[in-house]
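Quick note: residue numbers are just sequence positions, from 1. Because the structure is predicted, anything quoted here is derived from the model rather than measured.
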Amino acid sequence: MKFIAAFLTLIFLGVGMASAQEVQDTIKSQELDDLVVEAQMQRTSATASTYIPLAKQKNSATDAVSLLSQMAIPQLEVNPASSTVKTISGQAVAIFIDYVAATSQDLSGCNLKM
């Protein structure tokens, strides 16, 4: 009886070992050097952040505030219904068009189709 129990134990261990063998991966891989990603749609300096919209965003926006809303800049809270833009901490945001401070009339009358 002990012989049969020992024999069955060896059989189960053999089956377990056979199923635990690792399968070789057939997909070739390659080690990459450092990867540098440069965002061309945003420039940040110590005093300002500049964001450049995509042509698709400009073509689908109706005015400057809706364009900012579509750009989904994480630091900005944009309300297209009231045409207001502020930081997430509630501070006012200065908006410039061609390096000139924009008025509310400028923002609503922007021709974004270029």
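Summarising the geometry of Val65 relative to Val78, their closest heavy-atom pair is O-CG1, 3.5 Å, with the distance given to 0.1 Å.
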Next on the checklist: The test is side-chain contact (heavy atoms from CB on, under 4.5 Å); show your working for Ile88 and Leu76 and say whether it passes.
Outcome noted: CA-CA 6 Å; Ile88 54 174; Leu76 294 182; over 6 Å; no
Item to check | Verdict with supporting geometry, Ser60 and Gln70, side chain to side chain donor-acceptor pair (under 3.5 Å) | outcome: CA-CA 9 Å; Ser60 62; Gln70 288 182 24; 2.7 Å; yes
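Lys58 contributes atom NZ, which lies 8.5 Å from atom CG of Leu67 (distance to the nearest 0.5 angstrom). From Leu68, atom CG reaches atom CD1 of Ile73 across 5.5 Å, with rounding to the nearest 0.5 Å. Distance check: Gln75 CD to Tyr51 OH gives 4.0 Å after rounding to the nearest 0.5 Å. For the atom pair OG1 of Thr50 and CZ of Phe96, the computed distance is 10.5 Å after rounding to the nearest 0.5 Å.
The shortest side-chain heavy-atom distance between Asp106 and Val100 does not fall under the 4.5 Å cut-off.
Residue pairs meeting the salt bridge (charged side-chain N to carboxylate O under 4.0 Å, His left out) criterion with at least one partner in residues 65-92, sequence neighbours excluded, are Glu77-Lys86.
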